[in-house]
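See below for the structure under consideration.
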There are 2 protein chains.
Amino acid sequence: MANQFGDKIKQLREANHLLQRQVASELEIDTPMLSKIERGDRKAKKEQVLLFAKLYNADKEVLLTLWLADQVYDLVKDEEMATDALKVAESQFKYKTRRKL
Amino acid sequence: MANQFGDKIKQLREANHLLQRQVASELEIDTPMLSKIERGDRKAKKEQVLLFAKLYNADKEVLLTLWLADQVYDLVKDEEMATDALKVAESQFKYKTRRKL
DNA sequence: TATTGACTTGTCAGATATTGGCAAATATAC
DNA sequence: GTATATTTGCCAATATCTGACAAGTCAATA
């Protein structure tokens, strides 16, 4: 997993002087799992992203964005048409939201 | 599945006056499967995308782009931070490719 | 260098999702 | 109506993901 999110939450954890043990306990997962999430080995659940934001007093929109971006990146990273596809998806998204209004 | 790709290949099939039966046979799948791919119910394999391009004499880059874009769209469609995440993923992608050179 | 504490790695069974294919339903054309 | 084309529903096989645990490394320090 491409890992902007993991890097960020590791950074935040350290800035808050917390151990994986402590954070893991709050998230009700074990330390190996947290380690893997920080290292990008495993994907956090959306609900856990919100908990990270709360625990670290961080902007949840920022974390959710990085979390999603990593997933998008993983999906397209090996594809030649990656950036084109991202642009197409983006315009498709904008079109749909515009229609909803 | 968001369906720019399916619409496109259905359009191309009809422009080429081909039946699902015929195309499916070329792809070595059954017609229900092709129907589902055209309708966005099932995702085509990358290898099948290339076959579509060949069969319909279409630009494979275009088809691959739509095919990937649909997948990206599906991933982000229900997320509030969707467009932000796409932008972040895009810049991440550009950075990595730049580094590779 | 033995012990301790923090973190990481490997593995695996169980859960979940995806796939391919068939049978049946529906739509379209004649 | 019949015949042909397409779609829908379903299911078993397979693949992928998940959570959990045991064992590993690494760094600090007694």
Side-chain angles (χ1 to χ4, degrees), chain A residues 1-52 55-56 64 66-79 85, chain B residues 1-52 55-56 63-64 66-79:
Chain A
M1 181 103 157
N3 208 17
Q4 298 212 240
F5 175 74
D7 288 348
K8 173 61 95 180
I9 59 169
K10 177 164 193 177
Q11 207 177 285
L12 285 167
R13 178 172 60 81
E14 288 170 347
N16 283 273
H17 305 293
L18 293 166
L19 299 174
Q20 285 186 351
R21 174 165 48 79
Q22 306 175 289
V23 173
S25 147
E26 293 280 342
L27 301 192
E28 301 184 87
I29 58 180
D30 62 6
T31 27
M33 185 61 67
L34 177 55
S35 169
K36 284 167 186 167
I37 291 172
E38 286 185 352
R39 303 191 49 271
D41 229 47
R42 292 291 180 96
K43 178 181 116 185
K45 294 179 170 183
K46 185 172 183 178
E47 157 208 345
Q48 294 169 332
V49 178
L50 302 176
L51 284 171
F52 280 122
L55 270 169
Y56 298 152
L64 284 169
L66 294 178
W67 170 77
L68 231 204
D70 278 354
Q71 295 173 60
V72 171
Y73 182 81
D74 276 346
L75 180 59
V76 304
K77 63 169 180 284
D78 296 324
E79 297 291 340
Chain B
M1 180 103 158
N3 208 17
Q4 297 213 241
F5 175 73
D7 289 348
K8 172 62 92 179
I9 59 169
K10 176 163 193 177
Q11 209 177 286
L12 285 168
R13 178 173 60 79
E14 289 169 346
N16 284 273
H17 305 292
L18 293 167
L19 298 175
Q20 284 187 352
R21 173 164 49 79
Q22 306 174 288
V23 173
S25 147
E26 293 279 343
L27 301 192
E28 302 185 83
I29 59 179
D30 64 4
T31 28
M33 186 59 68
L34 177 55
S35 168
K36 283 166 186 168
I37 291 172
E38 285 186 353
R39 302 192 49 273
D41 230 47
R42 292 292 179 94
K43 177 181 117 184
K45 294 180 169 182
K46 185 174 183 178
E47 158 208 344
Q48 295 170 330
V49 177
L50 301 178
L51 284 172
F52 280 122
L55 271 169
Y56 298 152
L63 294 188
L64 284 169
L66 294 177
W67 170 77
L68 231 205
D70 279 354
Q71 294 172 60
V72 171
Y73 182 79
D74 276 346
L75 181 60
V76 304
K77 63 170 181 283
D78 297 323
E79 296 293 339

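Hydrogens, waters and symmetry mates play no part in the numbers below; they use all other heavy atoms, side chains included. Here is how names work: the chains are called A, B, and so on, in the same order as the sequence lines, proteins then strands, and each is numbered from 1.
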Kindly say if [X] contacts the phosphate of [N], meaning a side-chain N or O under 4.0 Å from OP1 or OP2.
X	N	result
B:Gln20	D:dT7	yes
B:Arg42	C:dG21	no
A:Ser35	C:dC7	no
B:Lys45	C:dG20	yes
B:Arg39	D:dT8	yes

Check: [X] side chain, [Y] main-chain N or O, donor-acceptor pair, under 3.5 Å:
X	Y	value
B:Gln22	B:Leu19	yes
B:Trp67	B:Lys46	no
B:Gln48	B:Lys45	yes

B:Lys36 or A:Ile29: which one's nearest nucleotide on DNA chain D is closer to the 5' end? B:Lys36

In whole angstroms, how far is the [atom2] atom of [N] from the [atom1] atom of [X]?
X	N	atom1	atom2	result
A:Glu38	C:dT9	CD	P	12 Å
A:Asp30	C:dA6	CG	P	15 Å
A:Met33	D:dT18	CE	P	9 Å
A:Leu34	D:dT18	CG	C1'	16 Å
B:Ile37	C:dG21	CD1	C1'	13 Å
A:Asp41	D:dT16	CG	P	17 Å
A:Leu19	D:dA27	CG	P	17 Å
A:Leu18	C:dC7	CG	C1'	15 Å

Decide yes or no on side chain to side chain contact (heavy atoms under 4.5 Å, CB included) for A:Tyr56 and A:Leu18, but give the supporting numbers first. CA-CA 9 Å; A:Tyr56 298 152; A:Leu18 293 166; 3.8 Å; yes

May I ask you to test the A:Arg13-A:Glu38 pair for a side-chain heavy-atom distance under 4.5 Å? yes

Polar pair under 3.5 Å, donor/acceptor by atom type, side chain A:Arg21, base C:dG5: no

Checking contacts here: which listed nucleotide (C:dG21, D:dG19, C:dT8) is nearest the side-chain heavy atoms of A:Lys10? C:dT8

